[in-house]
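A short worksheet on the structure shown next.
Predicted, not measured: the structure shown is a model, and the values here were computed from it.
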Amino acid sequence: MRAPEVRQTPPDPGALAAKVRTLAPSMTRSMQRVAETVAADPAGCAALTVTGLAELTGTSEATVVRTSRLLGYPGYRDLRLALAGLAAHQASGAAPAVTADIAVDDPMTDVIAKLAHDERQSLADTAATLDPTQVEAAVSALATARRIDVYGVGASGLVAQDLVQKLLRIGLLAQAHSDPHLAVTNAVQLRAGDAALAITHSGRTVDVIEPLRTAFERGATTMVITGRPDGEICSYADLVLTTSTGRESELRPAAMSSRTGQLLAVDCLFIGVAQQTYETAAPALSASYEALAHRHSPATR
C-alpha cells in the first residue's frame with residue numbers, strides 16, 4: 001500500500017524569493033517571466049489583477065495561475081497576499097544581501113567571507129523551501145521503518161553516509177549505498193513498512209533513480225532530497241524534500257553548492273526521528289558515546 005499523498009503547505013511570504021530561485025530552472029520561459037517579475041517587484045505585482053500581471057509579463061492568465069501553483073500557492077489570490085506580505089517585510093528595512101563570485105585572484109579573506117555568505121544563503125533558501133508537512137511525513141516513515149536504505153553517489157553519497165551514521169547511533173537499521181549495483185540488489189529486498197531515501201541534486205542521476213524506482217515498486221515508502229522537484233526521480237518518490245539550488249560558479253561547482261542544503265535536510269530528518277523515538281534514541285546515543293569515550297581521552301600509561 002502506498003503512503004497517503006501529503007499536501008504541501010503554502011510557503012511563507014518571506015520564502016517566495018527562495019522558491020523562485022529553486023524552481024525557476026524547472027519552469028517554462030513564460031512561467032519564469034512571471035516568477036522573476038513577482039520576486040523583483042512584490043509591491044507592484046501585489047496591486048495587479050491576474051489579467052494585469054499576465055499583460056505585464058507578456059503571458060496568459062493561465063500561465064500566471066500555473067506559476068502561482070508551482071510556487072506552492074493554491075491560486076493567484078494567495079500569491080498576491082504573499083506578495084503584499086513580502087513587500088511589507090522589505091519596506092521594514094530588511095535588504096537582501098548581495099555577493100559576488102569568487103575570483104581566481106581573490107585574497108583568502110575574501111574567499112572566506114564570500115563562501116560564508118553563500119553557505120548562509122543556501123541554508124536560508126533551503127529552510128524556506130523545505131515543506132514542513134513533507135519533512136514531518138518523511139520523519140514518521142523513517143522512525144517507524146523496519147529498515148532504511150539511503151542512496152547517493154559522489155557528494156550526495158557523503159551526505160547519505162552522514163545521515164546513516166546518525167541513524168545507526170540511535171539504534172535504527174539503516175544502510176547507505178553508493179555502489180549502484182548493491183543499491184539495486186538491496187532495494188529488491190524492501191517491502192511495505194521499509195523506507196528508501198534518495199539524495200540527488202539534479203534529480204536525474206541514473207545510479208540513484210534505479211534503486212529508488214525498485215524500492216517504490218516493492219512497496220517501500222520512498223523519499224527524495226533534491227534541488228529539482230521536476231526531476232525524473234520524483235516520479236518514484238512518495239515524498240519530495242526540495243533544497244536550495246545554490247549558486248554555481250567556476251570555482252564553486254554544483255556539488256559544493258548543493259551539499260549545504262542537503263546536510264540541513266538530513267539533519268532535520270535526524271532530529272525529527274530522534275524526537276519521535278526519544279525513549280529508545282536517548283539511551284542508544286548515550287551507549288554509543290560511552291563506547292567511544294575512551295578513544296577521545298588522552299592515552300594513559
Side-chain angles (χ1 to χ4, degrees), residues 3-4 6-12 14-15 18-19 22 72 116 119-152 155-177 193-201 212 220-227 229 237-246 257-293 296:
V6 179
R7 296 180 63 85
Q8 292 202 4
T9 303
D12 182 85
K19 292 284 285 187
T22 298
E119 295 290 315
R120 287 193 297 269
Q121 189 64 59
S122 180
L123 288 171
D125 284 359
T126 296
T129 305
L130 282 173
D131 183 346
T133 305
Q134 296 275 311
V135 175
E136 288 171 356
V139 164
S140 295
L142 294 172
T144 58
R146 179 187 69 97
R147 165 181 160 182
I148 301 166
D149 275 13
V150 187
Y151 315 122
S156 296
L158 299 177
V159 177
Q161 291 177 27
D162 179 78
L163 174 60
V164 165
Q165 185 267 342
K166 290 182 173 72
L167 294 177
L168 289 172
R169 288 197 64 180
I170 59 174
L172 297 187
L173 181 58
Q175 301 179 82
H177 301 288
D194 296 330
L197 169 66
I199 305 175
T200 164
H201 180 63
L212 194 74
T221 299
T222 54
M223 298 157 270
V224 63
I225 295 174
T226 182
D238 296 308
L239 300 165
V240 178
L241 309 185
T242 305
T243 57
S244 165
T245 55
S257 302
S258 62
R259 182 194 58 212
T260 301
Q262 291 174 346
L263 286 170
L264 174 60
V266 300
D267 280 353
C268 290
L269 291 177
F270 169 71
I271 293 298
V273 171
Q275 288 176 321
Q276 284 202 14
T277 62
Y278 184 77
E279 290 188 1
T280 55
L285 275 174
S286 296
S288 65
Y289 176 81
E290 291 297 329
L292 296 173
H296 302 295

How about [X] and [Y]: do any of their side-chain heavy atoms sit closer than 4.5 Å?
{"X": "Val266", "Y": "Val150", "value": "no"}
{"X": "Thr243", "Y": "Leu264", "value": "no"}
{"X": "Lys166", "Y": "Asp267", "value": "yes"}
{"X": "Ile271", "Y": "Val139", "value": "no"}

### Residue pair Thr242, Asp131: steps toward the side-chain contact (heavy atoms from CB on, under 4.5 Å) verdict
CA-CA 8 Å; Thr242 305; Asp131 183 346; over 6 Å; no
Work out which heavy atom in [X] is nearest to a heavy atom in [Y]; give both atom names and the distance.
{"X": "Val164", "Y": "Ala174", "value": "CG1-O, 3.7 Å"}
{"X": "Ser122", "Y": "Ser244", "value": "O-CB, 3.7 Å"}
{"X": "Ala145", "Y": "Ala195", "value": "CB-CB, 3.8 Å"}
{"X": "Tyr151", "Y": "Leu212", "value": "CE1-N, 3.9 Å"}
{"X": "Ala274", "Y": "Ala281", "value": "O-CB, 4.0 Å"}

Under the salt bridge (Lys or Arg N to Asp or Glu O under 4.0 Å) test, which residues partner Arg146, sequence neighbours left out?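 Salt bridge (Lys or Arg N to Asp or Glu O under 4.0 Å) list for Arg146, sorted by chain: Asp194.
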Self-check item: Audit row: Val159, Ile225, side-chain contact (heavy atoms from CB on, under 4.5 Å) steps and yes/no
Solution: CA-CA 10 Å; Val159 177; Ile225 295 174; over 6 Å; no
Nearest-0.5 Å distance that lies between atom [atom1] in [X] and atom [atom2] in [Y]:
{"X": "His201", "Y": "Ser156", "atom1": "NE2", "atom2": "OG", "result": "8.5 Å"}
{"X": "Cys268", "Y": "Glu136", "atom1": "SG", "atom2": "CD", "result": "11.0 Å"}
{"X": "Thr277", "Y": "Ile170", "atom1": "OG1", "atom2": "CD1", "result": "4.5 Å"}
{"X": "Thr129", "Y": "Leu241", "atom1": "OG1", "atom2": "CG", "result": "11.5 Å"}
{"X": "Ile148", "Y": "Thr221", "atom1": "CD1", "atom2": "OG1", "result": "10.5 Å"}
{"X": "Leu168", "Y": "Gln161", "atom1": "CG", "atom2": "CD", "result": "11.5 Å"}

- Distance only, no hydrogens: is a donor on one side chain within 3.5 Å (strictly under) of an acceptor on the other, for Glu119 and Thr260?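 Short answer, yes.
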For the pair [X] (side chain) and [Y] (backbone), establish whether a donor and an acceptor sit closer than 3.5 Å, ignoring hydrogens and angles.
{"X": "Thr200", "Y": "Thr226", "answer": "no"}
{"X": "Gln134", "Y": "Leu239", "answer": "no"}
{"X": "Asp238", "Y": "Thr222", "answer": "yes"}
{"X": "Ser288", "Y": "Leu285", "answer": "yes"}

